[in-house]
Amino acid sequence: MKLLVCVSQTPDTTTKIKFANGDTAFDTNGVQFIMNPYDEWYALVRALELKEQAGGSVTLFHVGPKANETVIRKGLAIGADNAVRVDAEATSSVFTAKQIAAYAKAEGFDMVLMGKETIDYNGSEVGAMVAELLDMPFVSYGTKMEVAGNTATIDRDIEGGKETVEVDAPFVLSCAKGMAEQRIPNMRGIMMAKRKPITVIPAVEAADLATVVKYEYPPEKTGVKLIDPENMEELVNLLHNEAKVI
């Protein structure tokens, strides 16, 4: 089984977000970066489990500059066999998707896995774009997957419940919580990762179809207001005129 796992680099969850260039760019100064948890904990680990069960290989794929290789090495330490890095900034979802699709098409993978979203942009866009570009089935928000031969049975989150689907390889899958359990790199894995290859390739031509106009912070949270449980009139008034939810 030949598996491709797409991984992103995201700011650590404790990062204080700042913007630069007139609020048109994320300010990376002093930011601690990590591998996107959905890619690491669920997509990568499930791919490794499948390899351990049925044999094959797991290749990491990342779009980003050389400075991002620390994140890639962590994926290799967890157990991936090799990695490919597109030497370019991931400027948009469509740019990233086109890089993934071009490589996956040339190499012929049985599955392309990634997290359901990145924790910085929460777009959930890349998986569907990759599937469209490859003309493959796409299953999103997968929480469990069992594979028998060429067929995968996948549970996925839907509004208000769960859906179970069957799909034949090759296909694209975005992974959510429940797909696998987090693995921590051990010392042997860390040492072996230093010898595993990272192939660097140039980006394929892919124009961005949208540009960032401005980033804005969400509204600050307001203080808690305590209402006397006997004063329903005041509660209704606040919900209607201030919170505007009724």
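Residues take their numbers from the sequence shown, with the count starting at 1. Computed from heavy atoms alone, side chains included, the values below leave out hydrogens, waters and symmetry copies.
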Would you say [Y] and [X] are linked by a side-chain donor-acceptor pair, where the criterion is simply a distance under 3.5 Å?
X: T118; Y: N36; value: no
X: T199; Y: R85; value: no
X: D228; Y: N231; value: no
X: D155; Y: T143; value: no

hydrophobic_cluster_shared for [Y] and [X], side chain cutoff 4.5 Å:
X: I100; Y: V5; answer: no
X: M136; Y: L113; answer: no
X: L173; Y: V7; answer: yes
X: Y38; Y: V45; answer: no
X: I246; Y: L238; answer: yes

For this session: Show your reasoning for whether ring pair (Phe, Tyr, Trp, His ring centres under 6.0 Å) applies to F138 and F171.
Result: CA-CA 6 Å; F138 175 53; F171 60 87; 9.9 Å; no
Problem set entry | M187 atom CE: more than 12 heavy-atom contacts under 6.0 Å |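 Atom CE in M187 is not packed in, count stays at 12 or less.
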Exercise. When you look at CD of E132, are more than 12 heavy atoms from neighbouring residues, nucleotides or ligands closer to it than 6.0 Å?
Worked result: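 No.
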For this session: Please report the C-alpha distance between C6 and V112 in whole Å, then the side-chain angles of each, then the deciding distance to 0.1 Å, and finally whether the side-chain contact (heavy atoms from CB on, under 4.5 Å) criterion is met.
Result: CA-CA 7 Å; C6 307; V112 179; 3.9 Å; yes
Are [X] and [Y] close enough that some pair of their side-chain heavy atoms sits under 4.5 Å apart?
X: F109; Y: L3; answer: no
X: I119; Y: P37; answer: yes
X: M114; Y: V172; answer: yes
X: Q99; Y: V204; answer: yes
X: I201; Y: V84; answer: yes
X: M179; Y: K144; answer: no
X: Q9; Y: H62; answer: yes
X: M232; Y: E234; answer: no

How long is the gap from [atom1] on [X] to [atom2] on [Y], to the nearest 0.5 Å?
X: T13; Y: Q32; atom1: OG1; atom2: CD; answer: 10.5 Å
X: L133; Y: K98; atom1: CG; atom2: NZ; answer: 7.0 Å
X: S140; Y: I154; atom1: OG; atom2: CD1; answer: 10.0 Å
X: L235; Y: L239; atom1: CG; atom2: CG; answer: 4.5 Å
X: F61; Y: D39; atom1: CZ; atom2: CG; answer: 13.0 Å

For this session: List the steps, then state whether side-chain contact (heavy atoms from CB on, under 4.5 Å) holds for S124 with Y141.
Result: CA-CA 9 Å; S124 298; Y141 298 93; 3.1 Å; yes
Regarding [X] and [Y], does a basic nitrogen lie under 4.0 Å from an acidic carboxylate oxygen?
X: E242; Y: K225; value: yes
X: R183; Y: E52; value: yes
X: K116; Y: D157; value: no
X: D110; Y: K2; value: no

Any sub-3.5 Å donor-acceptor pair from [X]'s side-chain atoms to [Y]'s backbone N or O?
X: R156; Y: V165; value: no
X: T15; Y: P11; value: no
X: R73; Y: K196; value: yes
X: D208; Y: A210; value: no
X: D87; Y: V200; value: no

Which heavy atom of [X] sits nearest a heavy atom of [Y], and at what distance?
X: A54; Y: M1; value: CB-CE, 4.5 Å
X: I158; Y: K162; value: CG1-N, 3.7 Å
X: D27; Y: A20; value: CB-CB, 4.2 Å
X: V147; Y: A152; value: CG2-CB, 4.1 Å
X: V94; Y: A207; value: CG1-O, 4.1 Å
X: L134; Y: A101; value: CD2-O, 3.3 Å

For this session: For D120, check salt bridge (Lys or Arg N to Asp or Glu O under 4.0 Å) against everything at least two apart and list the hits.
Result: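 In terms of salt bridge (Lys or Arg N to Asp or Glu O under 4.0 Å), with neighbours along the sequence ignored, D120 is linked to no residue.
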For this session: Would you please test L44 and I78 for side-chain contact (heavy atoms from CB on, under 4.5 Å) and show each step?
Result: CA-CA 9 Å; L44 173 56; I78 292 171; 4.1 Å; yes
For this session: List for me each residue that meets side-chain contact (heavy atoms from CB on, under 4.5 Å) alongside T28, sequence neighbours excluded, and say none if there are none.
Result: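 By the side-chain contact (heavy atoms from CB on, under 4.5 Å) rule, T28 matches F26, F33.
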Problem set entry | Audit row: D81, S57, side chain to side chain donor-acceptor pair (under 3.5 Å) steps and yes/no | CA-CA 6 Å; D81 298 289; S57 63; 5.0 Å; no
For this session: Show your reasoning for whether side-chain contact (heavy atoms from CB on, under 4.5 Å) applies to M111 and L50.
Result: CA-CA 11 Å; M111 297 182 199; L50 292 175; 4.0 Å; yes
